[in-house]
Every structure is written in structure tokens, then in C-alpha cells.
Amino acid sequence: MKLTIGRSDKADFPELSLFDIDLKVDSGAYTSSIHCTDIQEITLNDASHIQFTLLDPTHPLFNNRIFKTNKYTSKAVKSSNGITEIRFLIATEINIFGQLFPIELTLTERKEMKFPILLGRKFLNQKFIIDTTKKNLSYKLKNKNECAL
């Protein structure tokens, strides 16, 4: 059974130490993305890794932590302005509606955007129905469940 998700929500990304972070549901985007800075490919122990900082100092959840992973690829992504760019893509997990789902996120600079995370069709497909009149359905459920404890 598919879950109903609104046009925006809040979710947790435990592996990235991000909790109750704002996200926008974007059925026009194929891939999901997350706002990062200082994105670079590095070599550690003779292996390629990606290194990045999540968010930026203006975001309330910014913690200046540098993430490194060797679980990444690169992908050509066409942005909303029609320009294709190569982005790094990482695999992680999202906790939404009390469930942990695998998700792939492209790393990109989204400083000028209201939402630091976009959920695209690849993640939404087969799991969710979008109701654009609703917001924060997962976040409200989480808070309701926490209050019941």
C-alpha cells in the first residue's frame, strides 16, 4: 500500500546525522538531491572517496562535519534551468513515516533554495502518492507517536 505524502515534509537521515530536516517533494525531478558544500573527490588509502560538508553555515542544522564515503558514483543531472551537470551520488537511508528506506542523493549546492533536500521520482515511485494540498504528514505522525509514548 502506498503512503500519502504532501508537497513538503521533514525527515531523518540517520547516517548523515540530520534529523527533522525540511524537504520538498518534487515529482518533476528524477533524482533526489541534498544541499552540500565543499564537494570534492579525494584519495584515502589508495581508494577514491567523496568528501563533502552538508548544508552551509546559514542553515540551522549545519554542524560543520565533513563526511567521507567510498560508496558513491557520478551521474549526469539536468537541473531545473535545463543545464546538465555531472554530480556525485551517494547511497544512504531516509527515515520517513516511521520507516527506513534506502535512498540515493545527488550532492549539489542548493544554498539559494528554500528546501535543502528534494525527493525525486526515483525515490517516490511505488511508495508514495502525492497530495499537493498537504504538508508535513510524516513529521506530524512522528510527533503524534512521540507524544503517545
Side-chain angles (χ1 to χ4, degrees), residues 1-40 50-149:
M1 185 171 133
K2 294 182 184 179
L3 297 164
T4 299
I5 191 168
R7 67 181 180 270
S8 61
D9 216 320
K10 292 177 186 268
D12 300 334
F13 293 82
E15 294 176 330
L16 302 176
S17 300
L18 292 174
F19 302 93
D20 296 336
I21 189 161
D22 293 316
L23 57 87
K24 179 180 178 185
V25 173
D26 187 353
S27 63
Y30 178 69
T31 55
S32 299
S33 63
I34 188 166
H35 173 47
C36 295
T37 55
D38 304 320
I39 306 163
Q40 55 187 313
I50 191 76
Q51 174 179 293
F52 55 94
T53 303
L54 292 170
L55 311 173
D56 62 71
T58 63
H59 194 280
L61 296 180
F62 177 75
N63 64 14
N64 204 27
R65 183 172 162 200
I66 297 171
F67 287 85
K68 296 176 183 135
T69 183
N70 62 356
K71 296 188 303 184
Y72 74 98
T73 60
S74 47
K75 175 180 178 57
V77 176
K78 188 183 283 189
S79 65
S80 58
N81 61 10
I83 297 171
T84 300
E85 64 181 348
I86 302 298
R87 291 186 191 167
F88 292 111
L89 181 134
I90 61 167
T92 189
E93 294 178 323
I94 181 176
N95 189 333
I96 192 164
F97 291 99
Q99 298 178 52
L100 209 53
F101 295 99
I103 188 170
E104 293 180 333
L105 298 169
T106 62
L107 308 180
T108 187
E109 172 72 47
R110 294 183 48 80
K111 185 176 183 175
E112 303 304 318
M113 303 298 183
K114 181 178 177 184
F115 294 91
I117 296 175
L118 284 184
L119 293 185
R121 287 190 315 273
K122 185 175 180 186
F123 173 73
L124 298 165
N125 194 26
Q126 304 300 317
K127 297 178 205 74
F128 299 97
I129 295 171
I130 304 167
D131 183 341
T132 59
T133 66
K134 308 278 191 215
K135 288 177 20 177
N136 297 329
L137 297 176
S138 173
Y139 185 64
K140 289 174 186 172
L141 178 67
K142 178 182 175 182
N143 285 338
K144 180 180 174 186
N145 289 342
E146 286 176 359
C147 289
L149 296 177

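Side chains are part of it too, since the values below use all heavy atoms of this structure and drop only hydrogens, waters and symmetry mates. These numbers were taken from a predicted model, which means no experiment stands behind them.
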In Å, rounded to the nearest 0.5 Å, how long is the span from CZ of F13 to CD1 of I34?
6.0 Å

Hey, could you give me the CG/CG distance between L54 and L61, rounded to the nearest 0.5 Å?
10.5 Å

Measure across T37 and H35 and return the closest heavy-atom pair with its distance rounded to 0.1 Å.
CG2-CE1, 4.2 Å

Y30 atom OH, over 12 foreign heavy atoms within 6.0 Å
no

Atom pair CD1 (I103) and CD1 (I90), whose distance is rounded to the nearest 0.5 Å:
9.5 Å

Could you walk me through whether E93 and L16 pass side-chain contact (heavy atoms from CB on, under 4.5 Å), step by step?
CA-CA 9 Å; E93 294 178 323; L16 302 176; over 6 Å; no

Validation row: I94, D12 side chains within 4.5 angstrom (heavy atoms):
no

Side chains of C36 and E109: does their closest heavy-atom pair fall under 4.5 Å?
no

Quick check: closest heavy atoms across F62 and P57, and the distance to 0.1 Å?
CD2-CA, 3.5 Å

So, taking the atom named CG in L100 and the one named CG in N95, what distance separates them when rounded to the nearest 0.5 Å?
5.5 Å

For R87 and S74, does a side-chain donor sit closer than 3.5 Å to a side-chain acceptor?
no

Under 3.5 Å donor-acceptor, D26 side chain and G28 backbone:
yes

Shortest non-hydrogen contact from T108 toward S33:
CG2-CB, 4.0 Å

Is any side-chain heavy atom of F67 closer than 4.5 Å to one of I50?
no

On a heavy-atom basis, the closest approach of K68 and Q51 is CE-OE1, 3.0 Å

Test item: F52 and L107 side chains (from C-beta on) under 4.5 Å apart, heavy atoms:
yes

Tell me, do L141 and F97 make a side-chain contact under 4.5 Å, heavy atoms counted?
yes

So does K78 have more than 12 non-hydrogen atoms from other groups sitting under 6.0 Å from NZ?
no

Looking at side-chain heavy atoms only, is the closest gap between R7 and K24 below 4.5 Å?
no

Pi-cation contact, Y139 with K10 (under 6.0 Å, within 45°):
yes

Donor-acceptor under 3.5 Å (S32 side chain, G120 main chain):
yes

Answer whether the closest heavy-atom distance between the side chains of L55 and L18 falls below 4.5 Å.
yes

Do I130 and L124 have side chains that get closer than 4.5 Å, going by heavy atoms?
yes

Value rounded to 0.5 Å, distance of CG in L119 from CZ in F101:
11.0 Å

Show the nearest heavy-atom pair for residues A91 and E15, with the distance to one decimal.
O-OE1, 4.4 Å

With rounding to the nearest 0.5 angstrom, report the CG to CG distance, L105 to L118.
10.0 Å

Please test T31 against V77 for side-chain contact (heavy atoms from CB on, under 4.5 Å), starting from the C-alpha separation and ending with a verdict.
CA-CA 8 Å; T31 55; V77 176; 4.2 Å; yes

Are D20 and K142 ion-paired here, with the side-chain N under 4.0 Å from a carboxylate O?
yes

Taking D9 for its side chain and S138 for its backbone only, find out whether a donor-acceptor pair lies under 3.5 Å.
yes

Do F128 and F123 have ring centroids that are under 6.0 Å from one another?
yes

